[in-house]
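Have a look at the structure below, then the notes.
Chain letters run A, B, ... following the sequence lines, proteins first, then strands; residues in each count from 1. Computed from a predicted model, the values in this text were never measured in an experiment.
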Amino acid sequence: EPEVTQTPSHQVTQMGQEVILRCVPISNHLYFYWYRQILGQKVEFLVSFYNNEISEKSEIFDDQFSVERPDGSNFTLKIRSTKLEDSAMYFCASTLRGRADNQPQHFGDGTRLSIL
Amino acid sequence: AQKVTQAQTEISVVEKEDVTLDCVYETRDTTYYLFWYKQPPSGELVFLIRRNSFDEQNEISGRYSWNFQKSTSSFNFTITASQVVDSAVYFCALRVVFGNEKLTFGTGTRLTIIP
């Protein structure tokens, strides 16, 4: 069964450094998402992306965050200057169709980001 | 705005017992989707089931069953004859059809099955 793959599985970064989290969505999917989960807490929506632009973002997704689909397969989340509170598990998800469609979002295994 | 409440933070049951995980949601939208995801200790999010707001049929899949009641805004999940492999955190989630695409998750219920 096709999967969403995320790399790396664990990223350790010094506070203030830039970090890029990578995702390869399922190949024929068109809608891409990033979520984060602070340890022991619920999963929170960050951003959705379709047709090479952001379609929705949460208040968490401030100017320190950006997303990009640099080629036909990768979908990246960049945090420009990391803070301690950015430490979390980051999940990428994709779905074939968005909005008025009941298809589930398929999640990757996540990248655990640790900011020192 | 949407909200999902999972009032049970942690549940422990002995293996082979049945267990029900509660989920209550809030939305002003009349058309929406509900989901359950499982997060095992390894951390990934595994999709279990989706339900459309206009389809109140309950569903059974093996040992899993789901009870959707629109009148009480609840979408409860029952595991019968629980097994140790069922130990995980279970999240209920909501997505409205029109207006946005995000999944709104509950805070999760940590289920521990005691052998």
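Outside the 6.0 Å centre-distance limit, the rings of Phe107(A) and Phe47(B) are not counted as a close aromatic pair. Between Tyr31(A) and Tyr50(A), the distance from one ring center to the other falls under 6.0 angstrom.
From Arg22(A), atom CZ reaches atom CG of Asn74(A) across 7.5 Å, with rounding to the nearest 0.5 Å.
Contacts with chain B were tallied for Gln6(A), Gln105(A), Met89(A); Gln105(A) has the most, counting heavy-atom pairs under 4.5 Å.
Neither the backbone nor the side chain of Gln6(B) has a heavy atom closer than 4.5 Å to any heavy atom of chain A. Contacts of Gln41(A) with chain B are made by backbone atoms alone, with heavy-atom separations under 4.5 Å and no side-chain atom involved. The part of Gln37(A) that comes within reach of chain B is its side chain, from C-beta onward, which places non-hydrogen atoms under 4.5 angstrom from that chain. In this structure, the portion of Tyr37(B) lying under 4.5 Å from any heavy atom of chain A is its side chain and not its backbone.
Glu15(B) has its side chain within reach of Val84(B): a pair of non-hydrogen atoms, C-beta onward, lies under 4.5 Å apart.
No more than 12 heavy atoms of other residues, nucleotides or ligands lie within 6.0 Å of NZ in Lys3(B), so this atom counts as exposed by the packing criterion. Within a 6.0 Å sphere centred on CG of Asp63(A), heavy atoms belonging to other residues, nucleotides or ligands number 12 at most.
Using a 4.5 Å cut-off between non-hydrogen atoms, no part of residues 80-88 of chain A approaches chain B.
Listed for the Thr78(B) side chain is no donor-acceptor partner under 3.5 Å among the backbone atoms of Thr20(B). At distances below 3.5 Å, at least one donor-acceptor pair connects side-chain atoms of Ser58(A) with backbone N or O atoms of Ile60(A).
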